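Here is the structure we will look at.
In what follows, chains are A, B, ... by sequence order, proteins preceding strands, each numbered from 1. Since this is a predicted model, take the numbers as computed values, not measurements.
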Amino acid sequence: DGGITQSPKYLFRKEGQNVTLSCEQNLNHDAMYWYRQDPGQGLRLIYYSQIVNDFQKGDIAEGYSVSREKKESFPLTVTSAQKNPTAFYLCASLLGTADSNQPQHFGDGTRLSIL
Amino acid sequence: GEDVEQSLFLSVREGDSSVINCTYTDSSSTYLYWYKQEPGAGLQLLTYIFSNMDMKQDQRLTVLLNKKDKHLSLRIADTQTGDSAIYFCAPSPSGYSTLTFGKGTMLLVSP
């Protein structure tokens with residue numbers, strides 16, 4: 001079955017530590033996105049990538065980094081510079097066909113907590 | 001940029017209709033999506049409407065769009081307890097672009 005896989009489902013970070021969240025899709029989608037969700041805040045865009053080896057900052061990119069070396073993979077690193085990393089992180093992808101409407105598809109999320 | 005507003009909470013009884021409202025600011029929004037999020041899960045696309053439509057019906061779901069007032073609503077007929085979730089409105093200027101999400105409306109359906 002095609003879909004978006006996020007791992008791990010739960011992740012714990014110590015103070016001063018970098019952690020990487022995985023997002024893999026086998027939908028052959030061009031674009032991929034990372035969102036952060038806090039209670040009562042909705043979803044906020046961290047980074048997105050519309051093509052391999054290229055990505056753009058979203059609204060809250062500080063303290064995060066990404067890479068897009070392969071079309072199917074878009075890992076997110078939460079660095080020690082992110083002072084409030086506890087949140088639910090969602091990855092999404094989009095086919096990227098300019099001629100028709102294509103909605104974003106979401107993974108099941110990773111919940112990150114500080115120890 | 002786009003600003004999206006939704007009421008935060010709605011409580012209904014099973015079998016009633018639910019109406020979730022959304023207002024947005026970007027008049028260039030071409031596609032307007034509704035997503036559903038169950039506890040601890042990702043977002044599931046429910047339905048969407050193009051900006052050149054006033055209404056779209058899909059089984060128990062009806063989407064109404066007032067483009068002049070930039071107001072979108074999602075009506076769920078015969079609401080069931082399984083409909084309890086957070087519902088997000090997300091306008092987009094095109095299918096390839098980023099989405100702006102509202103804060104979500106938590107729908108609670110009581111038996």
Side-chain angles (χ1 to χ4, degrees), chain A residues 3-10 21 23-25 27 29-51 55-61 87-113, chain B residues 1-10 20 22-26 28-53 56 58 61 63 65 74 85-106:
Chain A
I4 302 173
T5 302
Q6 290 189 241
S7 62
K9 190 166 178 65
Y10 299 97
L21 284 61
C23 178
E24 304 275 333
Q25 53 96 3
L27 300 166
H29 283 180
D30 294 307
M32 296 186 75
Y33 305 80
W34 274 106
Y35 294 92
R36 170 181 171 139
Q37 186 178 22
D38 296 280
Q41 291 288 327
L43 276 70
R44 292 181 290 171
L45 183 64
I46 304 172
Y47 269 99
Y48 65 103
S49 167
Q50 295 181 335
I51 195 168
F55 48 82
Q56 287 77 40
K57 291 182 179 180
D59 300 320
I60 55 165
F88 190 51
Y89 291 87
L90 286 160
C91 178
S93 70
L94 173 70
L95 181 62
T97 302
D99 295 335
S100 63
N101 169 51
Q102 295 289 335
Q104 290 186 17
H105 297 260
F106 283 81
D108 286 335
T110 292
R111 188 165 297 279
L112 175 63
S113 302
Chain B
E2 177 85 84
D3 190 24
V4 181
E5 296 286 337
Q6 296 180 240
S7 52
L8 293 182
F9 187 74
L10 176 65
I20 300 170
C22 170
T23 58
Y24 59 98
T25 56
D26 188 347
S28 71
S29 293
T30 307
Y31 309 109
L32 301 107
Y33 301 94
W34 283 103
Y35 284 88
K36 175 184 180 181
Q37 184 182 34
E38 296 183 357
L43 272 66
Q44 170 195 351
L45 178 68
L46 275 182
T47 186
Y48 61 89
I49 190 167
F50 296 131
S51 60
N52 62 358
M53 299 169 67
K56 180 179 179 182
D58 185 0
L61 304 178
V63 180
L65 174 62
L74 173 70
I86 301 175
Y87 291 81
F88 292 94
C89 163
S92 173
S94 77
Y96 197 81
S97 182
T98 59
L99 296 175
T100 300
F101 287 86
K103 292 185 178 181
T105 299
M106 180 178 290

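Scanning for side-chain hydrogen bond (donor to acceptor under 3.5 Å, both in side chains) contacts around A:Arg111 gives an empty result, with sequence neighbours left out. Evaluation of the side-chain hydrogen bond (donor to acceptor under 3.5 Å, both in side chains) rule for A:His105 yields no partner, not counting sequence neighbours.
Looking only at side-chain heavy atoms (C-beta outward), A:Pro103 and B:Tyr31 stay at 4.5 Å or farther from each other.
For the atom pair OH of A:Tyr33 and CG of B:Leu99, the computed distance is 7.0 Å after rounding to the nearest 0.5 Å. For the atom pair CZ (B:Phe101) and CD (A:Gln104), the distance works out to 5.5 Å, reported to the nearest 0.5 Å.
Contacts of A:Gln6 with chain B are absent, with no heavy-atom separation under 4.5 Å from either backbone or side chain. A:Leu43 touches chain B through backbone and side chain together, each having a heavy atom under 4.5 Å away. The contact between B:Leu43 and chain A is made by backbone and side chain atoms together, counting heavy-atom distances below 4.5 Å. Contact annotation for B:Gln44: neither backbone nor side-chain heavy atoms come within less than 4.5 Å of a heavy atom of chain A.
No more than 12 heavy atoms of other residues, nucleotides or ligands sit less than 6.0 Å from atom NZ of B:Lys103.
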